[in-house]
Amino acid sequence: MEKVILKVETREESGKRIAKDLRNKKLIPAVVYKGGKDALKLQLAVADLTEVLHTKAGENVIVTLKISGGDSEAKDKTVVIKEIQREPIKSQILHVDFNEISLTETLKVNVPLAAHGEPEGKKEGGTLEHVMWELQVECLPTDIPEKIEVDVSKLKIGEAVYVKNITAPEGVKVLTDPELI
């Protein structure tokens, strides 16, 4: 799993006007959640977040936040992206929620599925229908796979691959219903 460093600054104020002012300065408001504790309010550069999202891991990337400003309690935090709010038409990022994690505790994430090989049934005139695009898995943050490949080369017309037939990498437990196609 890829780990990246993201420089952020603490912020005190919140609200629509503050968020709008931050966006005009090419900054994004963000928060970090941990357990039931109060959220830590942050701001970060749009360009820095875009760079983080364009790693191979995408939104499943492990991020080390280098926090500056504010009180002495704010220090480096290891996080994953919980949610990215986007403007619906232009798709620009409006807000980011991070979850603070421990590298020794498992977490649940969605991992993309990728078909591998050409099905035998396709040679007979069939088509491969991709029904599911990701699996929910549970693993340590450092074991999150970039993607899970599914071998479809032996599929004939009318056959399917079920979740229970997918072999996950070592240390990764599949949580998705095993009877789904």
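Worth knowing before you read on, the calculation uses all heavy atoms, side chains too, and leaves out hydrogens, waters and symmetry mates. Fair warning: this is a prediction, and the values are worked out from it, not measured in the lab.
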Hey, quick one: are I166 and V174 part of the same hydrophobic cluster, counting side-chain heavy atoms closer than 4.5 Å, chains of contacts allowed?
-> yes
Determine, stepwise, if the pair I84 / L53 fulfils side-chain contact (heavy atoms from CB on, under 4.5 Å).
-> CA-CA 11 Å; I84 297 176; L53 294 175; 3.7 Å; yes
Check whether any side-chain heavy atom of E179 sits under 4.5 Å from a side-chain heavy atom of K164, and report yes or no.
-> yes
NZ-CD distance between K41 and E12, expressed to the nearest 0.5 angstrom | 6.5 Å
Can you list the steps and then say if E134 with L113 is a side-chain contact (heavy atoms from CB on, under 4.5 Å)?
-> CA-CA 5 Å; E134 58 187 17; L113 284 173; 5.6 Å; no
Those residues that, when tested against K156, pass side-chain contact (heavy atoms from CB on, under 4.5 Å) (two or more places apart) | E120, E159
Within a radius of less than 6.0 Å around CD of E170, do more than 12 heavy atoms belonging to other residues, nucleotides or ligands occur?
-> no
NZ of K173 to CD of Q136: how many Å apart, nearest 0.5 Å?
-> 11.0 Å
Residue pairs passing the ring pair (Phe, Tyr, Trp, His ring centres under 6.0 Å) test with at least one member in residues 80-130, sequence neighbours excluded, are H130-W133
Euclidean distance, I93 CD1 relative to R86 CZ, rounded to 0.5 Å = 4.5 Å
Heavy-atom side-chain proximity of R11 to V31 below 4.5 angstrom | yes
Is I67 reachable from Y33 through a run of hydrophobic residues whose side-chain heavy atoms are each under 4.5 Å from the next?
-> no
CA sep, side-chain torsions, deciding dist, call: V32, L65, side-chain contact (heavy atoms from CB on, under 4.5 Å) | CA-CA 10 Å; V32 176; L65 297 178; 3.6 Å; yes
Would L180 and L128 show up in the same hydrophobic cluster when neighbours are defined by side-chain heavy atoms closer than 4.5 Å?
-> yes
Where do R23 and L94 land on the side-chain contact (heavy atoms from CB on, under 4.5 Å) test, with the steps shown first?
-> CA-CA 8 Å; R23 289 186 204 107; L94 299 176; 3.7 Å; yes
Evaluate the side-chain proximity of P145 to V172: yes if any heavy-atom separation is below 4.5 Å, no if none is.
-> yes
Do T10 and L40 come close enough that some side-chain heavy atom pair is under 4.5 Å?
-> yes
Spacing of L6 atom CG and D76 atom CG [to the nearest 0.5 Å] | 11.5 Å
Linking I/L/V/M/F/W/Y whenever any side-chain heavy atoms sit under 4.5 Å apart, do L22 and V46 land together?
-> no
Any side-chain heavy-atom pair of T78 and I62 under 4.5 Å | yes
What's the shortest heavy-atom distance between K7 and D48, and which atoms?
-> O-OD2, 4.2 Å
Please answer: with hydrophobic residues joined when any side-chain heavy atoms are less than 4.5 Å apart, are I18 and I28 in the same cluster?
-> no
The residue among V4, L44, I5 that forms side-chain contact (heavy atoms from CB on, under 4.5 Å) with V52 is V4
Considering only heavy atoms from C-beta outward, does the side chain of V137 approach that of I148 to under 4.5 Å?
-> yes
Please tell me if the side chains of I181 and V161 come closer than 4.5 Å, counting only heavy atoms from C-beta onward.
-> no
What is the distance from atom CG of L135 to atom OG1 of T176, rounded to the nearest 0.5 Å?
-> 4.5 Å
Salt-bridge test for K147 and E149: reply yes if a basic N is under 4.0 Å from a carboxylate O, no otherwise.
-> yes
Got a sec, which residues hit side-chain contact (heavy atoms from CB on, under 4.5 Å) with D38, two or more places apart in sequence or on another chain?
-> none
Assess whether atom CD of E129 is packed by more than 12 heavy atoms of other residues, nucleotides or ligands within 6.0 Å.
-> no
Going by an N to O cut-off under 4.0 Å, is there a salt bridge joining K77 and E100?
-> yes
Does P141 reach the side chain of V80, with side-chain heavy atoms less than 4.5 Å apart?
-> no
Heavy-atom count around K122 NZ within 6.0 Å, excluding the residue itself: above 12?
-> no
Under 4.0 Å between a Lys/Arg side-chain N and an Asp/Glu carboxylate O for E118 and K123?
-> no
